[in-house]
Amino acid sequence: MLGLGVDRLRADMNRLLAILFHQGVLDEQFLQLQQLQDESSPNFVFEVVTIYFRESEKLLRILRDNLSDREFSDYAKMGIHLNQFLGSSSSIGAKRVRNVCVAFRTASEQNNRLGCLRALELLEHEYCFLKNKLYELFQLEQQRSMAAGVRYPAQH
């Protein structure tokens, strides 16, 4: 019976990943990240993505604060933050977030405040969607690991 639970959870994980790839949420870089995980570092993907989320929250806060200031005009500085966000999103395979960062950067290069505000709203939406789905995936992985008898740290 234990094996059936593990198989079902693995199938659920694979289904969720397939959906995220089909919807363009993730790209092949995420698979490459997963391939770096092994018995010696069973939480590698979770740890990398957790760092990504922590740094992304900081960048989103900076971008939000910049755009909430009606007098803001340092679009070059905003571009630096967007390049950081774009790079880290690319490194974990967050395709839709990366694509929104590109559009956001274009708006900032054009000093287009309204375009930046729209892009920020979309970026926050895509980021939250990604975060929720990856935590869903990590919960399935944790359940699968526990069902298989593997010790896995609690996620928060």
Side-chain angles (χ1 to χ4, degrees), residues 7-68 72 74-145 152-156:
D7 290 342
R8 181 188 56 77
L9 290 166
R10 183 173 286 121
D12 289 347
M13 287 174 55
N14 289 337
R15 255 190 305 281
L16 178 56
L17 273 175
I19 289 168
L20 294 176
F21 279 94
H22 178 73
Q23 293 176 341
V25 174
L26 296 174
D27 65 20
E28 52 282 338
Q29 185 64 35
F30 187 80
L31 294 177
Q32 291 177 9
L33 191 64
Q34 285 185 313
Q35 290 172 353
L36 297 173
Q37 183 165 295
D38 58 21
E39 288 80 31
S40 67
S41 57
N43 306 313
F44 179 76
V45 174
F46 175 76
E47 291 167 2
V48 168
V49 170
T50 299
I51 292 167
Y52 166 78
F53 288 148
R54 186 173 50 244
E55 294 304 311
S56 296
E57 295 286 338
K58 289 177 192 174
L59 290 169
L60 282 170
R61 191 171 31 259
I62 290 168
L63 293 168
R64 199 176 310 114
D65 289 348
N66 287 342
L67 287 170
S68 68
F72 178 77
D74 193 353
Y75 288 94
K77 186 175 180 183
M78 183 179 294
I80 292 168
H81 296 302
L82 287 166
N83 284 336
Q84 290 174 319
F85 208 156
L86 192 150
S88 60
S89 297
S90 294
S91 71
I92 69 153
K95 184 178 179 180
R96 284 193 346 204
V97 170
R98 182 193 69 222
N99 291 345
V100 174
C101 285
V102 170
F104 197 159
R105 186 177 60 190
T106 299
S108 77
E109 289 168 349
Q110 297 169 350
N111 296 344
N112 180 347
R113 180 176 165 69
L114 184 57
C116 286
L117 287 167
R118 288 181 182 146
L120 176 61
E121 184 179 334
L122 185 55
L123 182 59
E124 289 176 326
H125 171 79
E126 289 297 338
Y127 171 78
C128 286
F129 184 79
L130 172 73
K131 187 174 183 179
N132 289 334
K133 291 302 178 183
L134 287 181
Y135 275 131
E136 184 180 337
L137 182 68
F138 294 143
Q139 287 175 338
L140 289 169
E141 173 63 23
Q142 182 181 28
Q143 291 170 9
R144 187 198 62 76
S145 296
Y152 205 78
Q155 299 170 13
H156 30 235

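Hydrogens, waters and symmetry mates play no part in the numbers below; they use all other heavy atoms, side chains included.
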(request) Please confirm whether the backbone N or O of Leu67 pairs with a side-chain atom of Arg113, one donor and one acceptor, at under 3.5 Å? (result) yes

(request) Give the minimum heavy-atom separation between Arg64 and Leu120, together with the two atoms involved. (result) CA-CD2, 3.7 Å

(message) Students often mix this up, so state it plainly: with edges at 30° and 60°, are the rings of Phe53 and Tyr135 parallel, tilted or perpendicular?
(response) tilted

(request) Go through the structure and list residues passing salt bridge (Lys or Arg N to Asp or Glu O under 4.0 Å) with Lys95, not counting sequence neighbours. (result) none

(message) Quick test of your reading: applying side chain to side chain donor-acceptor pair (under 3.5 Å), list the pairs with at least one residue in residues 100-111, sequence neighbours left out, ordered by first then second residue.
(response) Asn83-Arg105

(message) I need the minimum non-hydrogen distance between Ser90 and Arg98, along with the two atoms involved.
(response) OG-CD, 2.8 Å

(message) Whether Glu57 and Arg54 form a salt bridge (side-chain N of Lys/Arg under 4.0 Å from carboxylate O of Asp/Glu) is what I want to check.
(response) no

(message) Test side chain to side chain donor-acceptor pair (under 3.5 Å) on Ser145 and Glu141; report intermediate values, then the result.
(response) CA-CA 6 Å; Ser145 296; Glu141 173 63 23; 3.3 Å; yes

(message) Please check: side-chain N/O of Arg144 versus main-chain N/O of Asp12, any donor-acceptor pairing under 3.5 Å?
(response) no

(message) For a 4.5 angstrom cut-off between non-hydrogen side-chain atoms, does Leu130 reach Tyr52?
(response) yes

(request) Please report the shortest heavy-atom distance between Leu60 and Tyr127, naming the atom on each side. (result) CD1-CD2, 3.5 Å

(request) Output, in order, the C-alpha distance, side-chain angles, deciding distance and verdict of side-chain contact (heavy atoms from CB on, under 4.5 Å) for Gln84 and Glu55. (result) CA-CA 9 Å; Gln84 290 174 319; Glu55 294 304 311; over 6 Å; no

(request) Work out which heavy atom in Ile92 is nearest to a heavy atom in Phe30; give both atom names and the distance. (result) O-CD1, 3.3 Å

(message) Within the structure provided, determine whether Met13 and Leu16 are in side-chain contact (heavy-atom separation under 4.5 Å).
(response) no

(message) Parallel, tilted or perpendicular: which one describes the rings of Phe129 and His125, with boundaries at 30° and 60°?
(response) parallel

(request) For the pair Glu121 and Arg118, find out whether any cationic side-chain nitrogen is under 4.0 Å from an anionic carboxylate oxygen. (result) no

(request) Kindly give the heavy-atom pair with the smallest separation between Ala119 and Val100, and that separation in Å. (result) O-CG1, 3.7 Å

(request) List the steps, then state whether side-chain contact (heavy atoms from CB on, under 4.5 Å) holds for Phe72 with Met78. (result) CA-CA 10 Å; Phe72 178 77; Met78 183 179 294; 3.3 Å; yes

(message) Can you tell whether the side chains of Asp65 and Arg61 come within less than 4.0 Å, N to carboxylate O?
(response) no

(request) Identify the heavy atoms of Gln37 and Val45 that sit nearest to each other, and give their distance. (result) OE1-N, 2.9 Å

(request) I would like to know whether Phe85 and Val97 meet side-chain contact (heavy atoms from CB on, under 4.5 Å); could you show each step before the answer? (result) CA-CA 9 Å; Phe85 208 156; Val97 170; 3.9 Å; yes

